[in-house]
Structures are given as C-alpha cells and as structure tokens.
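Quick notes on the structure that follows.
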Amino acid sequence: MKLTTWNVNSLNVRLPHVLEWLDANRPDALCLQETKLPDERFPLAALREAGYAAVYAGQKTYNGVAILTRLETVGEANQVVIGNPHFPDEQRRLIAATVADVRIVNGYFPNGQAPDSDKFVYKLAWLDALAHWLDEERARYPALALMGDFNITRDDADVHDPVAWRDQIHCTEAERSRLAALLQSGLVDIFRHFDPPPGSYSWWDYRQGAFRRNAGLRIDLILLTQTLAEQATACTIDRAARKREQPSDHAPVTVEIARAHGSARHDLSPRDPAP
DNA sequence: ATGGCATGACAATCATGA
C-alpha cells in the first residue's frame, strides 16, 4: 500500500494540485495538513469525484488536517479520532483513523515560532501529550504510521544551513530530543531508513529562491512501527510538486509498503470445512 | 537586525508560518 503526507498550505488554493496529484499517484491514503478550512467548506464532493473519501478536522484560517482514502481499494477510514484525548486543544492539528489494517495518525505539529515564545511552550506540551497518547494507540493498534508535518528537524542532516539554523526553531535540542524519544520507542523514520542522499528536504521557503537553491529543511516525516517498517520498500519526496506554479512550500512524502489490503482479516477468515 | 513570500481575514494592514 502507498501512504502520503502533504502540507498543502490551504486546501482551498491547492485543491487543483491535490486532485491532479491524486490522479497521477493514486495513494491508498493521503494525509493533509494546513487545510485552513472550516468543515462546512471541506471539498468532499470534488474528492469523491476523484475516487477518494475523507475524514477531516478543520477550522477557519489556521491549521486543519484530513485523511483521504482511496475508495476502490481501502475504502473509508474508520475509528476516527480527532485531537489528542490527553490534550484539550482548540487547534485542529491531529486526526487518527484506521485505513485497511493500518492505524494512521496524521499530525500538523505546532510550529513554535521562536524558542523564547509562548508558542514554543505550547509546542513542547503538545509533543509530550502526543507521546503519551501514542503509547496507548500503539498498544491498541500495533501497525501504526505517525505521519505529517512535524516541524522538527531530526538532526543537522535535515538542515541546508546548520550554522544559520543552530538552536533556531525546528532545530532546538528540546524539539529534537522529543523526536528522538519517538524513534527510541521503536518508531522508524522511514525516509532516513533508505539512506537518502544529502540535501533531501521536504520544505523550502517561498522567499529568496530557496527551492532553486535547495535551501530547505526535512520536517515532513513518516514514522512506522517495526513490522510496517520491515515491509516498506521505498520512501520518496516528490520535489516535482514544489516546482509547479503556485505550489505549497512543502512537498509530498510517500512510503510504499508491501502489504496486501485487509490481509490480516483475510488470514483470519474461516477456511472451507474439510470434506 | 530586518524582510524577503504566501495565505487568510479584512478591507490597509496584520497574524502566522518555517
């Protein structure tokens, strides 16, 4: 199966890109961040026309997440959870759902703005609460993918200019240690797992020709539990999406997993009785 | 040190992002 995460920076603006991208790539699930749409404006009909169902949690202007699923293969997402039960939050940043037999947790992690800001305090609290909740989700759903816009660089390999970014937002020890704890708990950073070349990023500033100069960060991640990671065959960042007219500043990140849809259920189905 | 670009709310700038 194929799973993708993409911060679209306004689904309203990017809907044509998303529809074309879905048509060209046909992932089983597409996790979106920064939809920036209240639920009543979510473009369900256009997506269904493209063969996708969606579950979503949005708000006006800021944040907003969604999980799109391919109707003809995995069908609709179920067991949907919006937000973190341990962290009451008006900001729509988290949605989880079961797709085929994989638990998908889609997050738009807080930006944090600056290490000395209130927003940074919120970011760290959000991260701690996520870790707490993930322990419970993983106990319940052993095959789990945590994916989204993490707004954290794992280390300096994810930073185009580590000197300029040293101790800046996305690159602080406080943020990185929390990401490291997720990896320490057994989740696998599946892009890094395939030993990508240096200079592999997922976000580039709109300003100063940052994409042209590949002045980027890798902050959009897919973390897989061990068994899923062992079945993964590839993880790619689609830079072509960033080259388009009026692009999102983030590129889609996709993992391919050698896993038959509904295989667990199939294995459990009763056999024909012996003659 | 600041803003540079984009988006949305709102109607000229301002909040936010990363």
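First the proteins, then the strands, lettered A, B, ... as listed; each starts at 1.
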**Asked** Would you find a donor on one side and an acceptor on the other, under 3.5 Å apart, between the side chain of A:Ser177 and the backbone of A:Glu173?
**Response**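 Judged by distance alone, yes, a pair lies under 3.5 Å.
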Taking only the [atom1] atom of each, what is the distance from [N] to [M] in whole angstrom?
N: B:dT2; M: B:dA6; atom1: P; answer: 23 Å
N: B:dC14; M: B:dA1; atom1: P; answer: 22 Å
N: B:dT13; M: B:dG4; atom1: P; answer: 14 Å

Rounded distance (Å) that lies between atom [atom2] of [N] and atom [atom1] of [X]:
X: A:Gln91; N: B:dA15; atom1: CD; atom2: P; value: 16 Å
X: A:Gln59; N: B:dG17; atom1: CD; atom2: P; value: 11 Å
X: A:Leu221; N: B:dA18; atom1: CG; atom2: P; value: 13 Å
X: A:Asp205; N: B:dC5; atom1: CG; atom2: C1'; value: 7 Å
X: A:His250; N: B:dC5; atom1: NE2; atom2: P; value: 18 Å
X: A:His17; N: B:dT7; atom1: NE2; atom2: C1'; value: 14 Å
X: A:Gln168; N: B:dA18; atom1: CD; atom2: C1'; value: 11 Å
X: A:Lys123; N: B:dG17; atom1: NZ; atom2: P; value: 10 Å

**Item:** Donor-acceptor pair present, A:Asn111 side chain and B:dA18 base, under 3.5 Å
**Value:**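 Per atom types, the contact qualifies.
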Between [options], spot the one nearest the side chain of [X], thanks.
X: A:Lys119; options: B:dA18, B:dT7, B:dT16; value: B:dT16
X: A:Arg14; options: B:dG8, B:dA6, B:dA18; value: B:dA6
X: A:Lys36; options: B:dT7, B:dA9, B:dG4; value: B:dT7
X: A:Trp203; options: B:dG8, B:dC5, B:dA18; value: B:dA18
X: A:His170; options: B:dA18, B:dA9, B:dA15; value: B:dA18

Taking 4.0 Å as the cut-off, does a side-chain nitrogen or oxygen of [X] come that near to OP1 or OP2 on [N]?
X: A:Ser10; N: B:dG8; answer: yes
X: A:Gln113; N: B:dG17; answer: yes
X: A:Gln246; N: B:dC5; answer: no

**Message:** Exactly one of A:Arg192, A:Arg218, A:Arg176 should register a side chain to side chain donor-acceptor pair (under 3.5 Å) with A:Asp155. Which one does?
**Reply:**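 Answer to the side chain to side chain donor-acceptor pair (under 3.5 Å) test with A:Asp155 among A:Arg192, A:Arg218, A:Arg176: A:Arg192.
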**Item:** Pair A:Phe87 and A:Trp133, ring centroids less than 6.0 Å apart
**Value:**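 Here the rings of A:Trp133 and A:Phe87 have centres that are no less than 6.0 Å from each other.
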**Message:** On DNA chain B, compare the nucleotides closest to A:Asn9 and A:Asn151; which residue's is nearer the 5' end?
**Reply:**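 Checking each residue's closest nucleotide, the 5'-ward one belongs to A:Asn9.
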**Asked** Does A:Asn7 or A:Asn12 map to a spot on DNA chain B nearer the 5' end, using the closest nucleotide for each?
**Response**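 Mapping each residue to its closest nucleotide by heavy atoms, the 5'-most match is A:Asn12.
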**Request:** Verify whether one side chain among A:Trp21 and A:Asp238 offers a donor that lies under 3.5 Å from an acceptor in the other.
**Result:**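 The criterion, which ignores hydrogens and geometry beyond distance, is satisfied for A:Asp238 and A:Trp21.
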**Asked** Can A:Thr98 and A:Gln79 be counted as having a side-chain donor-acceptor contact under 3.5 angstrom?
**Response**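 Judged by distance alone, the side chains do pair up.
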Contact class for [X] vs. all strands (heavy atom < 4.0 Å): base, sugar-phosphate, or nothing?
X: A:Tyr108; answer: sugar-phosphate
X: A:Glu34; answer: sugar-phosphate
X: A:Asp149; answer: sugar-phosphate

**Prompt:** Taking NZ, NE, NH1 and NH2 as the nitrogens, is one of them in A:Arg166 or A:Asp156 under 4.0 Å from a carboxylate oxygen of the other?
**Reply:**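 A salt bridge is absent here (no side-chain N lies under 4.0 Å from a carboxylate O).
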